[in-house]
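Note that ligands are numbered from 1 as they come in the structure, with each ligand's atoms numbered from 1 the same way. Just the heavy atoms: all of them, side chains too, but no hydrogens, waters or symmetry mates, feed the values below. The first residue in the sequence is number 1, and the count goes up from there.
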Amino acid sequence: MIVTAFDVLKIREDFPILKREVNGKPLVYLDNAATSQTPKQVIDVIVDYYSNYNANIHRGVHALSQEATDKYEQSRIKIQKHFNAAKSHEIIFTSGTTHSINIVANGFSSLLKKEDEIIVSAMEHHSNIVPWQMLCERTGAKLKVIPMSLDGELLIDEYYKLLSDKTKLVFCNHVSNALGTINPVKEIIANAHKFGAAVLIDGAQAAPHIKADVQALDADFYTVSAHKICGPTGVGILYGKEAWLNKLPPYQGGGEMIAQVTFDKTTYADLPHKFEAGTPNICGGIAMGAGLDYMNTIGFDAIAAYELELLEYATKKLLAIEGLKIYGTAKNKTAVISFNVGAIHPYDIGSILDKLGVAVRTGHHCAQPIMDFFKIPGTVRASFSFYNTMEEVDVLVEAVKKAKSMLS
Ligand SMILES: *Cc1c(COP(=O)(O)O)cnc(C)c1O
């Protein structure tokens, strides 16, 4: 029996969706790396916003606009404190990690020359590959890739060899969404800085499991999506050091981001507004702060310890299934298990699991280069959250066994 002080059954009471059935079976939600579920504490904040103080921010003199502005700015400060940014205007609200990365990639267009180099890791999400490829096309800069081992760990010595005075930017995820690997980002950043290169860390997959301290990491940029940390979709943040954010040109033009507009010349607003053109997802920004409040109430240390138990238990039970192979066996990983069973197509397993109420992701997980590396079309990915139980792991394992016997 696994003994844990973590009261997962009480936590599950906060998530209305976990009570529903799928195909006549209790839902077992194991697609948390794609999006997390929403506790009623966050749903209440969303209902309260639209019921009581929905208004545009930073503009109106009226009470509702003031209230909405206050709550939105309080949320920014909450997020600043959570990630330990030095200043609240270093937190830019965006529509999520993809948007955040594009702001930086676009901003560097005017700062790069043809002979410059950009380094990315071999285990990036497409949203941390494609914007840089587009940047290279615009500027002529070259993209270099940090290779990885068969365990799904970056080959850090190879990274050191890639670094040079030509390196201007380095991009790496903090945690891989496809393999669960926790990357040594502090080391990656410190070594890039020796060559004066800026580093963007994609924190989308780390934020649900690790409370990152952007100052301790010395990250130049850090990106997060709210929907993976108990918040709503379509909102997230870009953290950037003040000096970098001042240096980069704005990404989009429009309302909110200007200081003064005439037809001759427009001057831009100060941070953070320079990067926040148009009416933002106000409710989403407020709800993102509520999601972090919720997770902090449980505590990130408790979450990490419990998820590690889930990971160890699930890994052991899954590996007992003959023919099952796990991709991503790094020593340091979060509770993500990517696997295949023999030569059975991951989609076929996923479909049978769905019939049994088990929600997993199948396919390339927006990381096709990783699948090419392992020479597979994709994997079945079970990704766990702090609200999953050991019993749900058992349901998953039985469902995989059933799928295997039906398909082989
Ligand atoms: C989810 C995820 C993204 C993309 O986030 P969006 O919210 O879709 O913009 C990027 N990188 C990683 C590692 C992710 O897990």
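Among all non-hydrogen protein atoms, the one lying nearest atom 5 (O) of ligand 1 is S225 OG, 3.4 Å. Counting protein heavy atoms only, atom 8 (O) of ligand 1 is closest to T98 OG1, 3.8 Å. Summary of contacts: the protein heavy atom closest to atom 12 (C) of ligand 1 is D202 OD2, 3.4 Å.
Using modelled atom types, no side-chain atom of N56 and backbone atom of S65 make a donor-acceptor pair closer than 3.5 Å. For E13 (side chain) and K10 (main-chain N/O), no donor-acceptor pair under 3.5 Å exists by modelled atom type. Side chain of S75 to backbone of G285: a donor-acceptor contact under 3.5 angstrom is found. For Y294 (side chain) and D14 (main-chain N/O), no donor-acceptor pair under 3.5 Å exists by modelled atom type.
Atom numbering of ligand 1 starts at 1 in the shown order; those under 4.0 Å from a heavy atom of T97 are 5 (O), 9 (O), 10 (C).
Distances shorter than 4.0 angstrom occur between a heavy atom of S127 and an atom of ligand 1.
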Please test F83 against Y239 for ring pair (Phe, Tyr, Trp, His ring centres under 6.0 Å), starting from the C-alpha separation and ending with a verdict. CA-CA 9 Å; F83 292 104; Y239 159 78; 8.6 Å; no

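Interatomic distance, CZ of R12 versus CD1 of I17, reported as 11.5 Å (0.5 Å rounding).
Residue Q205 has at least one nitrogen or oxygen atom sitting less than 3.5 Å from a nitrogen or oxygen atom of ligand 1, judged on distance alone.
Distances from atom 2 (C) of ligand 1 to the heavy atoms of H227, H125, K228 put K228 nearest.
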